[in-house]
There are 2 protein chains.
Amino acid sequence: MATIYEVAARAGVSPATVSRVLNGTAVAADLAERVRSAAAELDYTPNRSARSLRRAHSELIALVIPDIENPFFTALARGVEDVAREAGFSVVLCNTDDDLARESDYLRVALAERMAGVVLAPASERSDLSGLVAAGRPIVAVDRAPHEHSVDIVTVDNVAAGRHATEALIARGARRIACITGPAGVDTADGRAEGWRAALTEAGLPADESLVVRSDFRQGGGRESMEALLARGAPVDAAVIANSVMAVGVARALRGAGRSLPLAVIGDLPIGFDAPDDLIALPLPARELGASAARRLLERISGDVEPARSLVLPA
Amino acid sequence: MATIYEVAARAGVSPATVSRVLNGTAVAADLAERVRSAAAELDYTPNRSARSLRRAHSELIALVIPDIENPFFTALARGVEDVAREAGFSVVLCNTDDDLARESDYLRVALAERMAGVVLAPASERSDLSGLVAAGRPIVAVDRAPHEHSVDIVTVDNVAAGRHATEALIARGARRIACITGPAGVDTADGRAEGWRAALTEAGLPADESLVVRSDFRQGGGRESMEALLARGAPVDAAVIANSVMAVGVARALRGAGRSLPLAVIGDLPIGFDAPDDLIALPLPARELGASAARRLLERISGDVEPARSLVLPA
DNA sequence: TTGTATGCGTTATCAA
DNA sequence: TTGATAACGCATACAA
């Protein structure tokens, strides 16, 4: 591994000049040329540990997500990568499996490695960002808003998403619409349920709270929710499902029971999911969410010190 | 961000002693205790850029995969993480989307960042590992064997996998079995097709090469392959499918044509995929593959300098 | 066992 | 514009 000194020696210049060429500071054309060819001949790769130490941050952006198998997060990842790469940063993915301890670990590593910044899709509202925040490192939360900390946040309009999904079912004649959503206290879950409520109310329909089922945003939870609904003979003629992973479970429960029900699902469907014909998917702008988060992060990395800002994308 | 000097000052010891406490070298119990509490009070996080510079490598392991949406690779990722974390390394995921240029980029970054090592699931046999190899950095290839380079390789027994899948169909009475596999020259694709051939031959059945369809391991490819087979009226009564992502497409093509065919699929099925009843899935030990690769990598990181070794896991 | 001093490879400051 | 040099924070060789 050649160092900057070896390149300098071979080009007959000082290490400082090599550094300047590599970093785009003004250098005479002939010197720059000599440096470039010396670097090429030696197959010189700058040592980023040294650079990070000196500059106080690396060129890595951590993207911390709770579930690598959820297509929403993989789409989001693409958005982050698109804009980060454009700006010369590399994105590394950290999968927490919804585990707060693992999330903490990764955030700690990102801090210790002096990564340029972090885009975090929090595993929970109780996610602990204190380390990064205390150190003043760039971080933006996406999808969910963490409590306790004031950081930049990029979310979608969950209420609108819930409303649109519900309206689509109403438009098809549904009157008693169940709402299968995530845990209480989770803003994505609560917002979508609120949209369901709003759509029903606006349509002059009763928003029967007993038709709101709280689940866990996972496949098994979706299945159990629908099974419970069927078991207690709830008089539903359609259902809004707050994310696509749960929709898979819901569809299975229905099929298992030999039933069929118009479904409106918030989010893109997983690859391979054979959706029933009466299922409406309302895509979420996952990629755009990631891109926006990354853009905000880049602003922070470039030194923006404005107060934390909250951005809500239309559904 | 506190430094080792501040911790040392507060504990009334030298920086070297702090370093020793943190790294587990022998230090008197009382000093160690003082250091630990000083570190805690200052919320000291060692600067890994500095450590990496000094030690010549970081505590990050890069896992470079071609398709983050393929459940095989996410399972593999879990295996890598399990053993890497156990050993104190953090795993960062790099998704290349089957793009050799992006793969190269990530490998370059891993080298420049002086990451401890790389587990690579190559996007192609033509993957360029020259940078890492030339620098003598630890790297192990998994799933596919890259040409051109001699590195540690961990794969599954693809031939056995293909054979088992085919045998399962033969056992159910199938006689003319199609084989939908990946591109020629890709060892996973070729091996599985070879297993298909072997099983048929062993069963005294003809291995009709016109029933081998070369596709791309992706959903669309699976669909097109089956559509082509149906379109030309190939006399098949079952099919072996070399990976689970293609199986989704195949199942759709069949359903679209109003047909049904016993299917044997190599690999775990994607979440949400509603497999037809006559589909047999033959799981691949993806997680174990990742774990083995990580173990081999750890040996390299600890200084093993034996010649490159090749490990083939049973299917 | 502990401390001192040095160097890892860069970038930035300062002089020239 | 260019070069000499210090400093980033840590781990270790060496001395005590």
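Below, chains carry the letters A, B, ... as their sequence lines are ordered, and counting in each starts from 1.
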Would you kindly give the [atom1]-to-[atom2] distance between [X] and [N], to the nearest whole Å?
| X | N | atom1 | atom2 | value |
| --- | --- | --- | --- | --- |
| B:L22 | D:dA11 | CG | C1' | 11 Å |
| A:E59 | C:dT10 | CD | P | 12 Å |
| A:R51 | C:dA12 | CZ | P | 10 Å |
| A:L53 | D:dA7 | CG | P | 14 Å |
| B:R114 | C:dT10 | CZ | C1' | 11 Å |
| B:E6 | D:dG9 | CD | P | 8 Å |
| B:I4 | D:dA11 | CD1 | P | 5 Å |
| B:H57 | D:dA11 | NE2 | P | 11 Å |

Indicate whether OP1 or OP2 belonging to [N] is found under 4.0 Å from a side-chain N or O atom of [X].
| X | N | value |
| --- | --- | --- |
| A:Y5 | D:dT5 | no |
| A:N23 | C:dT11 | yes |
| A:T17 | D:dG3 | yes |
| B:S14 | C:dG3 | yes |

For DNA chain C, whose closest nucleotide is more 5', that of B:A26 or that of A:P46?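 Looking at the nearest nucleotide for each, B:A26 comes out on the 5' side.
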
To the side chain of [X], which of [options] is closest?
| X | options | answer |
| --- | --- | --- |
| B:N47 | D:dC10, C:dG9, D:dT1 | D:dC10 |
| B:L31 | D:dA11, C:dT2, C:dC8 | C:dT2 |
| B:R55 | C:dT2, C:dT10, D:dA11 | D:dA11 |

Would you say the side-chain atoms of A:T25 and A:N23 include a donor-acceptor pair closer than 3.5 Å?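 A:N23 and A:T25 do not have a side-chain donor-acceptor pair below 3.5 Å.
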
Do the side-chain N and O atoms of B:E33 and B:S37 include a donor-acceptor pair separated by under 3.5 angstrom? no

Looking at every strand, decide which applies to [X] at a 4.0 Å heavy-atom threshold: base, sugar-phosphate, or nothing.
| X | value |
| --- | --- |
| A:R20 | base |
| B:P15 | nothing |
| B:A16 | base |
| B:S19 | base |
| B:V18 | nothing |

Only one of B:D268, B:I65, B:D67, B:D143 passes side-chain contact (heavy atoms from CB on, under 4.5 Å) with B:F72; say which it is. B:D143

Rounded to 10°, the angle between the first-five-pair and last-five-pair axes of the helix from C:dT1-D:dA16 to C:dA16-D:dT1 is 40°

Between the side-chain atoms of A:R54 and the base atoms of C:dT11, is any donor-acceptor pair under 3.5 Å?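 Yes, a donor-acceptor pair under 3.5 Å.
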
Please enumerate all residues that pass salt bridge (Lys or Arg N to Asp or Glu O under 4.0 Å) together with A:D216, with sequence neighbours excluded. none

Return yes when atom CD of A:E86 has more than 12 non-hydrogen atoms of other residues, nucleotides or ligands closer than 6.0 Å, and no otherwise. no

Crowding at CD, A:E41 (>12 non-hydrogen neighbours, <6.0 Å): yes

Residue pair A:S49 / B:E113: nearest heavy atoms and the distance that separates them: OG-O, 3.6 Å

What are the two closest non-hydrogen atoms of A:P183 and A:A189, and how far apart are they?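 Heavy-atom minimum between the residues: O-CB, 3.4 Å.
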
